[in-house]
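This report concerns only the one structure given below.
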Amino acid sequence: MNENAKYVVTISCNQCGERFILKGRMKKGKLETGFKRCLCNNDADFDIEREKL
């Protein structure tokens, strides 16, 4: 996997239904977007989809 690959990441909160669309990169095998928590203070229960740019 290319370490500098860019992705469009869609994060959906399973508690309140809020959706976030962010840009991200793979770093050390993890997808990094800078996203920490939802507006409802949920920080663990998400559906995450990624699409390579």
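Since this is a predicted model, take the numbers as computed values, not measurements.
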Practice problem: Could I get the full list of ring pair (Phe, Tyr, Trp, His ring centres under 6.0 Å) partners for F35, not counting sequence neighbours? | Solution: F20, F46
Quiz prompt | Pairs involving residues 9-24, ordered by first then second residue, that meet side chain to side chain donor-acceptor pair (under 3.5 Å) (sequence neighbours left out) | solution = N14-D45
Practice problem: State, with a plain yes or no, whether a side-chain heavy atom of V8 is found less than 4.5 Å away from one of I21. | Solution: yes
Practice problem: Indicate the atoms forming the closest heavy-atom contact of M26 with Y7, along with that distance. | Solution: CG-CE1, 3.3 Å
Quiz prompt | Under the side-chain contact (heavy atoms from CB on, under 4.5 Å) test, residues paired with K6 that sit two or more places apart | solution = R25, L53
Practice problem: Apply side chain to side chain contact (heavy atoms under 4.5 Å, CB included) to the pair I11 and L22, showing each step before the final yes or no. | Solution: CA-CA 8 Å; I11 301 172; L22 306 164; 3.8 Å; yes
Quiz item: Among pairs that include at least one residue of residues 29-44, which meet side chain to side chain donor-acceptor pair (under 3.5 Å), considering only residues two or more places apart or in two chains?
Solution: none
